[in-house]
Protein chains: 2
Amino acid sequence: MRTLGEPKRCEILRLVWVEELPATEIADHFPSVTRSAISQHLAVLRSVGLVNERREGTRRLYTANHAELARLRSFLDSFWTSSLDRLRDLAEADQRNQERA
Amino acid sequence: MRTLGEPKRCEILRLVWVEELPATEIADHFPSVTRSAISQHLAVLRSVGLVNERREGTRRLYTANHAELARLRSFLDSFWTSSLDRLRDLAEADQRNQERA
DNA sequence: CTCTAACGTAAGAGTCTGCTAACGTAGGGG
DNA sequence: CCCCTACGTTAGCAGACTCTTACGTTAGAG
């Protein structure tokens, strides 16, 4: 989550989401920063497994790891499901209190 | 997203997800840090609208803003839907190329 | 009115982060 | 073999972030 808190990394992931792209082409989408900066962002994304790397000659092709982002999505979903569990627990505790009274 | 990149803020949001809690009680869940630090985290969460504040005497009661987190969830979902759009666009472009050939 | 509990806030220290600039490396092309 | 392209990596810096300490404020109790 912290990884995608950085807007550029989020955008990079979006770029390689459906299409495999070489590092240079990714960097070209960010005229405001150096290719080096993008390379470092790619290293971070790779370190947390959000992208996969494939080498082809001197080029390195990147793809998004959909499964990893799916994990993040299900983590957010857990907020809602845990809320249901919690409400059920609260309701049960409340019922026990009423029975005791 | 960057806001929840901080683990403590994520945990705070979880605490106030189903239950309205006063600031002190939230801080008590984090023995490792000062109440001041938690107060500052609450300010950040409030500034991005992830929590709502209600005053009751000297106490301030916090609740999670479910709608705001739902926006984040749908943002992640947009990754998958946009991927479908993108694939459709690519397919159409490819088809035009074949027709031209 | 004084005291205390429950807060937020300001200032400063230490740490992390994202960036650039410079350099190193590996794989072709000629 | 030389050179160029496509990269990653390192060093260093400026700004952002998180934490603590100290202080200010407000509401209620006595």
Side-chain angles (χ1 to χ4, degrees), chain A residues 1-65 68-69 72 75-76, chain B residues 1-65 68-69 72 75-76:
Chain A
M1 196 144 207
R2 165 167 274 166
T3 304
L4 296 181
E6 172 60 45
K8 292 194 187 62
R9 282 196 288 258
C10 207
E11 183 60 26
I12 289 175
L13 192 63
R14 198 177 275 284
L15 285 174
V16 299
W17 188 253
V18 291
E19 205 175 353
E20 193 179 41
L21 289 177
T24 302
E25 195 160 338
I26 294 171
D28 288 346
H29 279 82
F30 301 91
S32 56
V33 294
T34 320
R35 183 188 55 75
S36 172
I38 300 302
S39 183
Q40 290 173 55
H41 282 310
L42 284 170
V44 174
L45 286 167
R46 191 160 16 106
S47 74
V48 299
L50 277 167
V51 299
N52 305 317
E53 183 194 294
R54 185 170 68 89
R55 306 200 180 188
E56 194 181 84
T58 78
R59 299 193 310 168
R60 307 205 183 179
L61 301 159
Y62 290 94
T63 323
N65 184 350
E68 197 60 28
L69 193 57
L72 215 175
F75 168 74
L76 286 188
Chain B
M1 196 144 208
R2 166 167 274 167
T3 304
L4 295 181
E6 173 60 45
K8 294 194 186 60
R9 284 196 289 259
C10 206
E11 185 58 27
I12 288 175
L13 192 64
R14 198 176 274 284
L15 285 174
V16 298
W17 188 252
V18 291
E19 207 176 351
E20 193 179 41
L21 290 178
T24 302
E25 194 160 339
I26 295 171
D28 288 346
H29 279 81
F30 300 91
S32 55
V33 293
T34 318
R35 183 190 54 77
S36 174
I38 300 302
S39 183
Q40 290 173 54
H41 281 311
L42 284 168
V44 174
L45 285 167
R46 192 160 15 109
S47 74
V48 299
L50 277 167
V51 298
N52 304 316
E53 183 195 293
R54 185 171 66 90
R55 306 201 181 187
E56 194 181 83
T58 77
R59 300 194 310 167
R60 308 205 182 180
L61 301 159
Y62 290 94
T63 324
N65 184 350
E68 196 61 27
L69 194 56
L72 215 176
F75 169 73
L76 285 189

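Remember, predicted model here, so these are calculated numbers, not experimental data. Here is how names work: the chains are called A, B, and so on, in the same order as the sequence lines, proteins then strands, and each is numbered from 1.
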Heavy atoms under 4.0 Å, any strand shown: does [X] hit a base, just sugar-phosphate, or nothing?
X	value
A:Arg55	nothing
A:Gln40	base
A:Ser32	sugar-phosphate
B:Phe30	nothing
B:Ala23	sugar-phosphate

At less than 4.0 Å, is any side-chain N or O atom of [X] found next to OP1 or OP2 of [N]? Yes or no.
X	N	answer
B:Tyr62	C:dG8	yes
A:Thr34	C:dT20	yes
B:Ser39	C:dG8	yes
B:His41	D:dC17	no

Let me know the distance between [atom1] of [X] and [atom2] of [N], rounded to the nearest Å.
X	N	atom1	atom2	answer
B:Ile38	D:dT21	CD1	C1'	16 Å
A:Arg2	D:dC17	CZ	P	11 Å
A:Ile12	C:dG18	CD1	P	11 Å
B:Glu56	C:dA6	CD	C1'	13 Å
B:Glu6	D:dA16	CD	P	18 Å
A:Arg54	D:dG8	CZ	P	15 Å
B:Arg35	C:dT9	CZ	P	11 Å
A:Lys8	C:dT20	NZ	P	8 Å

>> Let's see if you can work this out: which of D:dT20, C:dC19, C:dG8 has an atom nearest to the side-chain heavy atoms of B:Arg60?
In response: C:dG8
Which heavy atom of [X] sits nearest to which heavy atom of [Y], and what is that distance?
X	Y	value
A:Ile26	A:Leu42	CD1-CD2, 4.2 Å
B:Val33	B:Ala37	CB-CB, 4.3 Å
A:Ile38	A:Phe30	CD1-CD1, 3.7 Å

>> Here's a test of your reading of the structure: between B:Leu61 and A:Gly57, which maps to the more 5' nucleotide of DNA chain C?
In response: B:Leu61
> On a plain distance test, is the side chain of A:Thr58 in donor-acceptor contact with the base of C:dT25 below 3.5 Å?
Replying inline: no
>> I'd like to know if A:Arg9 reaches the base of C:dG18 with its side chain such that a donor and an acceptor end up less than 3.5 angstrom apart.
In response: no
> Could you walk me through whether B:Lys8 and B:Glu11 pass the side chain to side chain contact (heavy atoms under 4.5 Å, CB included) check?
Replying inline: CA-CA 5 Å; B:Lys8 294 194 186 60; B:Glu11 185 58 27; 5.5 Å; no
> Checking side chain to side chain contact (heavy atoms under 4.5 Å, CB included) for the pair B:Leu72/B:Leu4: CA distance, chi angles, key distance, verdict?
Replying inline: CA-CA 10 Å; B:Leu72 215 176; B:Leu4 295 181; 4.0 Å; yes
> Going through the checks in order, is the side chain to side chain contact (heavy atoms under 4.5 Å, CB included) test met by A:Arg9 and A:Thr3?
Replying inline: CA-CA 7 Å; A:Arg9 282 196 288 258; A:Thr3 304; 3.7 Å; yes
